[in-house]
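Within every chain, numbering begins at 1; the chains are lettered A, B, ... in the order of the sequence lines, protein sequences first and strands thereafter.
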Amino acid sequence: MEAVLFFAAALGALGGAIGVVALRNPFYGVLALIVHLFSLAVLFLLLESAFVAAAQVVVYAGAVMVLYAFVVAYVGGETEPAFDPIPGQRFLAPLLGAALFVELSIAVLGSSLTALSTQGPEVQAGFGDPAGIGKLLLERFLLPFEASSILLLLAAVGAVVLAGRRGEA
Amino acid sequence: MNVEWYVVLSSLLFAVGAMGILVRRSPIVILLCLELMLNAGNLALVAFSRMVGNQQGQVFAIVVMVVAACEVVVGLGLIVALFRRKLPLDVDALRELRG
C-alpha cells in the first residue's frame, strides 16, 4: 500500500515537473506545478511529516501559486517563441540535466550512510506534528525563526518598492 | 519504502528543474523551475529527517519554504516592473548587464 502511494505520488511529482519544463504556455506550467506540489505533500505524509505536508498544501499550493496565477494572468501568458539563441541548447540542456542527476545519485548512494537503505527508525505517534515542530521552532531554532520573519518583511517591502506604481519611473 | 528512493527521486526532480532553467527563456517559467529545485531540496531534507528520526530536518524544510516565498515575491515584483516598463519578458533579450 505504501509502495503504491509512493509510486503514484512520485509519478505525479515527476509528471508535474516535466510539465513545468515542457509546456509552452506559462499558465499551464503553473497548473503543472500545483500538481507537483500536491504530489510532494503526499510524499511528505509518507515520510511522517504531517505539518510540513500541511504547510506545503496551504502555503505553497494555496498562496504562492495563486500569486503566480495572478501575475501570469496580468502579464499575459504568451507562449514563448521557439527559436534557439544558443546553438545546440535544446540538445545540451537535457544532457547536462541527466549528468547532474547521475552525479547527485552517485554522491548520495555512494556515501557510506548505511541507514539510507532502511525505512528509518520507528517513531512515536507525535513525530512531525505541529506541536513538535513548533516547540523546536520556538526553542532551539528561535533565531532562524525570527530571522526568517525579518526576511519575509523585507521581501514584502521590496516587492512593493519594485512593483508599486510610481509617478515617473 | 526505503529512504534512498525518496533521495533519488529528489535528485531527479532537482535535475529536471535545473534543465528547465537551462532551456526556458520566460522569466516566469524560470521562477517556476527554481521552485522545482527548492522543493526537491525540501524532499531530501524531509527524507533525511525521517532517516535520522528527528524533526530538525523538517524545521529546515519550513525555513526553506519561507525563503522560497520571499524569492517568489521579489521575483514576481521584478517581472511586474519589467512588464510595466514594456520590456520584453525574455531573459535573452535582457542582456544589458551581460558585460
Side-chain angles (χ1 to χ4, degrees), chain A residues 2-3 6 10 13-14 17-18 20-21 26 29-30 33 40 43-44 47-49 52 55 59-60 64 67 71-72 74-75 80 85 89-90 93-94 96-97 100-101 104-105 108-109 115-121 123 127-128 132-133 136-137 141 144 148 151-152 155-156 158-159 162-163 169, chain B residues 1-9 11-20 22-26 28-29 31-33 35-36 39 42-43 46-47 49-53 55-56 58-59 61-63 65-74 76-81 83-85 89-90 92:
Chain A
E2 198 199 338
F6 172 81
L14 196 57
I18 290 174
V20 171
V21 173
V30 171
L33 190 58
L40 274 190
L43 289 177
F44 289 161
L47 287 167
E48 315 271 346
S49 47
V52 181
V59 176
Y60 244 122
V64 173
L67 200 62
V71 170
V72 170
Y74 177 64
V75 304
E80 65 185 49
Q89 186 184 19
R90 282 185 202 284
L96 289 175
L100 180 64
F101 168 59
L104 284 174
S105 300
V108 171
L109 297 180
L116 263 182
S117 47
T118 65
Q119 295 204 2
V123 291
F127 186 79
I133 301 288
L136 268 179
L137 268 180
F141 295 104
S148 53
L151 182 65
L152 275 174
L162 279 173
Chain B
M1 297 300 295
N2 292 342
V3 173
E4 54 195 353
W5 283 90
Y6 293 92
V7 177
V8 169
L9 175 67
S11 57
L12 183 58
L13 294 175
F14 189 88
V16 170
M19 193 186 85
L22 291 177
V23 173
R24 300 303 297 267
R25 292 194 309 282
S26 157
I28 296 178
V29 180
L31 276 182
L32 290 176
C33 292
E35 296 290 322
L36 286 182
N39 276 297
N42 259 354
L43 181 60
V46 173
S49 146
R50 179 74 184 85
M51 181 189 96
V52 178
Q55 305 169 341
Q56 294 174 13
Q58 301 181 16
V59 175
I62 287 171
V63 173
M65 273 184 204
V66 170
V67 174
C70 293
E71 165 251 312
V72 166
V73 164
V74 174
L76 290 180
L78 279 173
I79 289 172
V80 170
F83 181 74
R84 285 252 174 84
R85 284 163 179 70
L89 286 181
D90 182 342
D92 282 327

(message) At a heavy-atom distance under 4.5 Å, which candidate from A/A3, A/S49, A/G132, A/A13 has the highest pair count against chain B?
(response) A/S49
(request) Please look at A/Y60 and chain B and tell me whether the side chain, the backbone, both or neither of the residue comes under 4.5 angstrom of a heavy atom of that chain. (result) side chain
(request) Indicate the atoms forming the closest heavy-atom contact of A/A93 with B/L22, along with that distance. (result) CB-CB, 3.8 Å
(request) Determine the minimum heavy-atom distance between B/F14 and A/L104, stating which atoms define it. (result) CD2-CD1, 3.8 Å
(request) Taking all non-hydrogen atoms of both residues into account, name the closest pair between B/Q55 and A/F127 and its distance. (result) NE2-CA, 3.4 Å
(message) So for B/L32, is it side chain, backbone, both, or neither that comes closer than 4.5 Å to the heavy atoms of chain A?
(response) both
(request) Determine the option with the most heavy-atom pairs under 4.5 angstrom with chain A, choosing from B/V66, B/L13, B/N39, B/V8. (result) B/N39
(message) Let's go through A/V108 and B/E4 carefully: what are the C-alpha distance in whole Å and the side-chain angles of both, what is the deciding distance for side chain to side chain contact (heavy atoms under 4.5 Å, CB included) to 0.1 Å, and is it a yes or a no?
(response) CA-CA 8 Å; A/V108 171; B/E4 54 195 353; over 6 Å; no
(message) Which heavy atom of B/R50 sits nearest to which heavy atom of A/E48, and what is that distance?
(response) NE-CG, 3.3 Å
(message) With a 4.5 angstrom heavy-atom cut-off, is it the side chain or the backbone of A/L47 that approaches chain B, or both, or neither?
(response) both
(message) I'd like to verify something: which residue of B/I79, B/V72, B/V74, B/V67 has the highest number of heavy-atom pairs under 4.5 Å with chain A?
(response) B/V72
(message) Please classify the contact between B/L12 and chain A as side chain, backbone, both or neither, with a heavy-atom cut-off of under 4.5 Å.
(response) both
(message) Among A/L152, A/V71, A/L100, A/V21, which residue has the highest count of heavy-atom pairs closer than 4.5 Å to chain B?
(response) A/V21
(request) Output the distance between atom CG (B/N42) and atom CG (A/L43), rounded to the nearest 0.5 Å. (result) 12.0 Å
(message) Minimum heavy-atom separation for B/R24 and A/V20, please, with both atom names.
(response) NH1-O, 3.5 Å
(request) Look at A/G97, A/P121, A/A159, A/A155 and state which one has the largest set of heavy-atom pairs under 4.5 Å with chain B. (result) A/P121
(request) Go through the atoms of A/F141 and report whether side chain, backbone, both or neither lie under 4.5 Å from a heavy atom of chain B. (result) side chain
(message) At a 4.5 Å cut-off on heavy atoms, which part of B/V7 comes close to chain A: side chain, backbone, both, or neither?
(response) side chain
(message) Which one wins on heavy-atom pair count under 4.5 Å against chain B: A/L14, A/I18, A/V59?
(response) A/L14
(message) How long is the straight-line distance from CZ of B/R84 back to CG of A/L162, given to the nearest 0.5 Å?
(response) 11.0 Å
(request) Examine whether an atom of B/L43 lies under 4.5 Å from a heavy atom of chain A, and if so say whether it belongs to the side chain, the backbone or both; otherwise answer neither. (result) both
(request) Flag the one option from A/L33, A/V64, A/V30 with the top tally of heavy-atom pairs under 4.5 Å to chain B. (result) A/L33
(request) Against chain A, label B/A47 side chain, backbone, both or neither, depending on which of its atoms sit under 4.5 Å from a heavy atom there. (result) both
(message) I'd like to know which of A/L67, A/L137, A/L96 tops the heavy-atom pair count under 4.5 Å against chain B.
(response) A/L67
(request) Sort A/L151 into side chain, backbone, both or neither according to what part of it lies under 4.5 angstrom from a heavy atom of chain B. (result) both
